[in-house]
There are 2 protein chains.
Amino acid sequence: MTYVLEILGDKWTFLIIRDMLFKGCCQYKQFIESDEGVATNILADRLKKLTQHGLITQCKDPENGRQKLYHLTEKGLDLIPSILHLVKWSGQYDPNTVLSNAIMQFLEGRFDEAVQIVRKEYLNNCHVH
Amino acid sequence: MTYVLEILGDKWTFLIIRDMLFKGCCQYKQFIESDEGVATNILADRLKKLTQHGLITQCKDPENGRQKLYHLTEKGLDLIPSILHLVKWSGQYDPNTVLSNAIMQFLEGRFDEAVQIVRKEYLNNCHVH
DNA sequence: TTAATTGCTTGTTAATTGCAAGTAATTAGT
DNA sequence: ACTAATTACTTGCAATTAACAAGCAATTAA
């Protein structure tokens with residue numbers, strides 16, 4: 001449990017993974033624009049640590065040499081259940097949640113299916129694995 | 001999702017909840033001794049915030065007036081699935097994990113049951129709900 | 001009635017974050 | 001070919017936060 005906290009015990013780290021999973025972010029620029037205002041030095045630091053811990057990989061974009069592509073590894077993808085449960089919890093208790101009733105019911109009734117969907121969606125869209 | 005991070009996006013907050021769930025901590029002193037070295041001002045701050053957010057309650061110990069008892073609310077207990085998934089993830093990837101094979105297999109095969117067990121154990125031991 | 005115990009608060013120092021600016025490598029436009 | 005953008009960073013500094021140490025009020029035990 002200390003292990004998770006070492007890696008994820010930080011707001012931005014969590015947001016980076018969320019943006020990769022749910023918004024398809026895979027570039028530095030996208031994180032800067034999407035994450036609710038990460039400072040660029042913090043983003044660089046967190047991407048580095050996530051890479052060192054084996055949750056994401058970095059590679060040059062073969063189609064544009066000045067861009068890098070960031071992708072979740074299996075280890076990173078295995079956080080989907082935890083994250084989806086936290087999403088569900090937010091939906092239950094956040095008075096300003098944006099989650100629809102339909103999504104909440106799906107998370108309540110067919111959670112494991114939801115995990116698989118998120119995983120497959122990610123893998124289909126990132127064109128790496 | 002931003003909602004969870006506002007509340008839990010902090011190492012110590014998470015450890016407090018973990019200690020309540022798995023170590024039966026319900027007193028200030030116990031957190032100081034158990035949490036891997038929280039500073040007392042930080043602990044006071046986090047307990048206050050957890051209370052304000054409705055994840056825990058504080059009450060005077062009826063048997064000892066200088067002590068307070070901290071307990072998880074339903075809202076706090078509803079984090080058990082998220083936390084157990086993180087525990088499971090740690091068990092999978094932390095090379096120094098202390099989780100036994102038996103526990104890991106139980107988490108893999110009968111996760112929902114594990115959630116119920118943790119919940120019931122907590123409620124049985126805290127003598128409040 | 002003195003000494004512990006418990007749950008804090010208040011400084012002060014050290015570490016971390018956030019912001020602004022700048023840089024190297026690559027690509028696009030003229 | 002040359003200039004201007006774009007992308008992924010780094011660096012320096014101010015502001016915020018955390019960690020450490022000490023102290024304090026309320027209650028209880030000796």
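Letters A, B, ... mirror the listed sequences (proteins, then strands); counts begin at 1. Note: hydrogens, waters and symmetry copies are ignored here, and every other heavy atom, side chains too, is used.
Taking atom CD on E33(B) and atom P on dT5(C), their separation rounds to 11 Å, with Å as the unit. Remark: C1' of dT10(D) and CD1 of I32(A) are 13 Å apart, rounded to the nearest angstrom. Rounded to an integer number of Å, the gap from CG of L69(B) to P of dT27(D) is 15 Å. Rounded to whole Å, the distance from NZ on K48(A) to C1' on dT16(C) is 15 Å.
Clustering of Ile, Leu, Val, Met, Phe, Trp and Tyr by side-chain heavy atoms under 4.5 Å joins I117(A) with F106(A).
Pairs of residues two or more places apart, or lying in two chains, that qualify as side chain to side chain donor-acceptor pair (under 3.5 Å) and include a residue from residues 38-47 of chain B are D10(B)-R46(B), Y28(B)-T40(B), D45(B)-K49(B). Under the salt bridge (Lys or Arg N to Asp or Glu O under 4.0 Å) criterion, the residue pairs touching residues 12-34 of chain A are R18(A)-E36(A), D19(A)-K23(A), K29(A)-E33(A), with sequence neighbours excluded. The stretch residues 77-101 of chain B participates, sequence neighbours left out, in these salt bridge (Lys or Arg N to Asp or Glu O under 4.0 Å) pairs: D78(B)-R119(B).
Contacts of N125(A) classified as side-chain hydrogen bond (donor to acceptor under 3.5 Å, both in side chains), with partners at least two apart in sequence or in another chain: E121(A). When the side chain to side chain contact (heavy atoms under 4.5 Å, CB included) test is applied to D61(A), the partners found at least two apart in sequence or on another chain are E63(A), N64(A), Q67(A), L69(A). Among residues two or more places apart in sequence or in another chain, the side-chain hydrogen bond (donor to acceptor under 3.5 Å, both in side chains) test is passed with K68(B) by Q58(B).
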- Note on the structure: Whether each nucleotide of nucleotides 24-29 of chain C has a protein heavy atom under 4.0 Å at its base (B), only at its sugar-phosphate (S) or at neither (-) is summarised, 5' to 3', as --BBS-
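Residues from residues 2-18 of chain A placing a heavy atom under 4.0 Å of any atom in DNA chain D do not occur. Taken residue by residue, residues 37-47 of chain B places heavy atoms nearer than 4.0 Å to DNA chain C at T40(B), N41(B), A44(B).
Going from atom OG of S34(A) over to atom CZ of F22(A) covers 12.5 Å, rounded to the nearest 0.5 Å. For the atom pair CH2 of W89(B) and CG of L79(A), the computed distance is 5.0 Å after rounding to the nearest 0.5 Å. Distance check, rounded to the nearest 0.5 Å: NE2 of H85(A) to CG of L107(A) gives 9.0 Å.
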Enumerate donor-acceptor pairs with a distance under 3.5 Å from any side-chain N or O in residues 1-8 of chain B to protein atoms, sequence neighbours excluded.
{"unit_1": "Y3(B)", "atom_1": "OH", "unit_2": "Y93(A)", "atom_2": "O", "d": "3.4"}
{"unit_1": "Y3(B)", "atom_1": "OH", "unit_2": "K75(B)", "atom_2": "NZ", "d": "2.7"}

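Close to dT7(D), at under 4.0 Å from its OP1 or OP2, lies a side-chain N or O of K29(A).
In secondary-structure terms, DNA chain D builds stems of at least 3 consecutive Watson-Crick or G-U pairs, each pair having both distances under 3.5 Å, at C:1-30 with D:1-30.
The minimum heavy-atom distance linking L72(A) with Y122(A) is given by the pair N-OH, 2.8 Å. V38(A) approaches I32(A) most closely through the heavy-atom pair O-CD1, 4.1 Å.
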